[in-house]
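Here is the structure we will look at, set down as structure tokens.
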Amino acid sequence: MSRHDEEAPDASAPSPGFDAALPAAGQMESVSPLVRRRICPNGGPFTASGTCSYVVGRGRVAVIDPGPADPGTIAALLADLGPERVDVIVVTHTHRDHSPGARLLQASTGAPIIGCGPHRAARDLAENELPMLDASADRDHRPDRELADGESYEGDGWTLTSIATPGHTMNHLAFALPQERALFSGDHVMAWSTSIVAPPDGSMRAYMASLDRLRARDEVIYWPGHGGPVRDPRRFVRGLAAHRRQREAAIRARLAAGDEDIRTIVGAIYQGLSPKLLGAAGLSVFAHLEDLVERGLVVTDGAPLIDGRFRPA
């Protein structure tokens, strides 16, 4: 599936209120008193206008998710910062459009890399299962300091507190900025799109539990890994959860109607979806089916596989 890791919006389930307006790549802009955003020029159907890198603070700053291993992007970021000092580099998760740039930025600044730990899967590969997402995973990521859930890093006038949000990847972290009641949500919650949850790297059960966890928080704005900000995040996250539950209901309805394989289910519930996104849709359906099997609502022969056959329990 290459480095792309998001699923574009579709009309086959209720929308939580996606915002299709995308900020432009290639320029640094202030988005709040403490936060600046620079979007990497790696836009596409799975990455919106590109990966959002965030600069927190003034003078002595944190950089969140420097993006892909693109020397030009890192050089442009440093040019934008001028004499300001990068005190710390923060990474939400280990996909190649988010974390490899951290090592390039560290080589130029000497700043430590903190945040998520090394890439890890939700489960081991089943027998005869292929590692479909290997190309998107940054397996070279080794932070200088892995932040535990709830651990904070204090900067000059700002604080970043880690919030474990597994699901999209199992090492995914969001970061709260209490001074502005803001949250850097990575790829877990985005205004422009749902995030793909693809086994074995991701887990639908973990993803839904992470949504519930965020919904109980009181931030007033999210700054995501792609696209524009999530405003009224509690309402939006509630909508995302409903969107996923409706998708699950649609999958169960197709199984009850006699559909048995993922290709057929995708064709029925993602009508009109761009062919470029069918693979991502199939992986999301697979994640739902794996969760349904774990909950005893769907059965399959042996371990759930993306090319397996499924039926109601």
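Just so you know, these numbers use all the heavy atoms, side chains as well, and skip hydrogens, waters and symmetry mates.
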- request: Report the residue from R103, H93, R96 that forms a side-chain hydrogen bond (donor to acceptor under 3.5 Å, both in side chains) with D138.
  value: R103
[X] side, atom [atom1]; [Y] side, atom [atom2] - distance, nearest 0.5 Å:
X    : Y    : atom1 : atom2 : result
F310 : L305 : CZ    : CG    : 7.0 Å
L160 : L183 : CG    : CG    : 10.0 Å
R181 : E219 : CZ    : CD    : 8.0 Å
I74  : R38  : CD1   : CZ    : 9.5 Å

task: Could you tell me whether R244 and D291 have a side-chain N and a carboxylate O separated by less than 4.0 Å?
output: no
task: Look at R123 together with E294 and state whether they make a salt bridge at an N to O cut-off of under 4.0 Å.
output: no
message: Pairing donors with acceptors under 3.5 angstrom, does anything connect the side chains of T94 and H119?
response: yes
Flag for N42-T47: side-chain donor and acceptor within less than 3.5 Å: no
message: Quick check: do L292 and M204 have side-chain heavy atoms less than 4.5 Å from each other?
response: no
Heavy-atom side-chain contact between T159 and S152 under 4.5 Å: yes
Keeping the roles fixed (side chain from [X], backbone from [Y]), state whether a donor-acceptor pair exists under 3.5 Å.
X    : Y    : result
T300 : P304 : no
R142 : G117 : no
T51  : D97  : yes
S53  : D65  : yes
E146 : C116 : no

Could you pull out the closest heavy-atom pair between [X] and [Y], with the gap in Å?
X    : Y    : value
V197 : G167 : CG1-O, 3.5 Å
A174 : T165 : N-OG1, 3.4 Å
Y270 : R247 : OH-NH1, 2.7 Å
Y153 : R145 : CD1-NH1, 3.7 Å

field: side chain to side chain donor-acceptor pair (under 3.5 Å) between D187 and S195, intermediate numbers included
entry: CA-CA 6 Å; D187 283 3; S195 176; 5.5 Å; no
- prompt: Can you tell me if CZ on R263 sees more than 12 non-hydrogen neighbours from other groups inside 6.0 Å?
  reply: no
message: Within the supplied structure, the quantity of interest is the number of heavy atoms (other residues, nucleotides, ligands) at a distance under 6.0 Å from D218 CG; does it exceed 12?
response: yes
- prompt: Given I114 and I89, is the side-chain contact (heavy atoms from CB on, under 4.5 Å) satisfied, shown in steps?
  reply: CA-CA 6 Å; I114 69 170; I89 303 162; over 6 Å; no
query: So, do H226 and H98 have ring centers that fall under 6.0 Å from each other?
result: yes
message: I262 vs L283, test: side-chain contact (heavy atoms from CB on, under 4.5 Å). Steps then yes/no.
response: CA-CA 9 Å; I262 288 173; L283 289 169; over 6 Å; no
Output side-chain donor-acceptor pairs under 3.5 Å for residues 16-34, partner residues at least two apart or in another chain, one line each.
from : atom 1 : to   : atom 2 : distance (Å)
D19  : OD1    : A21  : N      : 3.0
E29  : OE2    : R37  : NH2    : 2.6
S30  : OG     : R58  : NH2    : 3.1
S32  : OG     : L34  : N      : 3.4
S32  : OG     : V35  : N      : 3.2
S32  : OG     : E180 : OE1    : 2.5
S32  : OG     : E180 : OE2    : 3.2

message: Grouping I, L, V, M, F, W and Y whenever their side-chain heavy atoms are under 4.5 Å apart, do L173 and V56 come out in a common cluster?
response: yes
task: List the steps and the verdict of side-chain contact (heavy atoms from CB on, under 4.5 Å) for F46 and L277.
output: CA-CA 8 Å; F46 298 95; L277 301 174; 3.2 Å; yes
- prompt: Hey, which of Y222, F184, F175 is the one that makes ring pair (Phe, Tyr, Trp, His ring centres under 6.0 Å) with Y54?
  reply: F184
message: Against Y207, only a single residue in H188, H288, H243 fulfils ring pair (Phe, Tyr, Trp, His ring centres under 6.0 Å); can you say which?
response: H188
field: Chi angles and distances behind the salt bridge (charged side-chain N to carboxylate O under 4.0 Å, His left out) call for R238, D232
entry: CA-CA 10 Å; R238 184 168 61 249; D232 194 2; over 6 Å; no
- prompt: Would L255 and I265 count as a side-chain contact (heavy atoms from CB on, under 4.5 Å) if you check the C-alpha gap in whole Å, the side-chain angles of each, and the deciding distance to 0.1 Å?
  reply: CA-CA 8 Å; L255 292 173; I265 293 170; 3.9 Å; yes
Parallel, tilted or perpendicular: ring planes of H95 versus H168, cut at 30 and 60 degrees: perpendicular
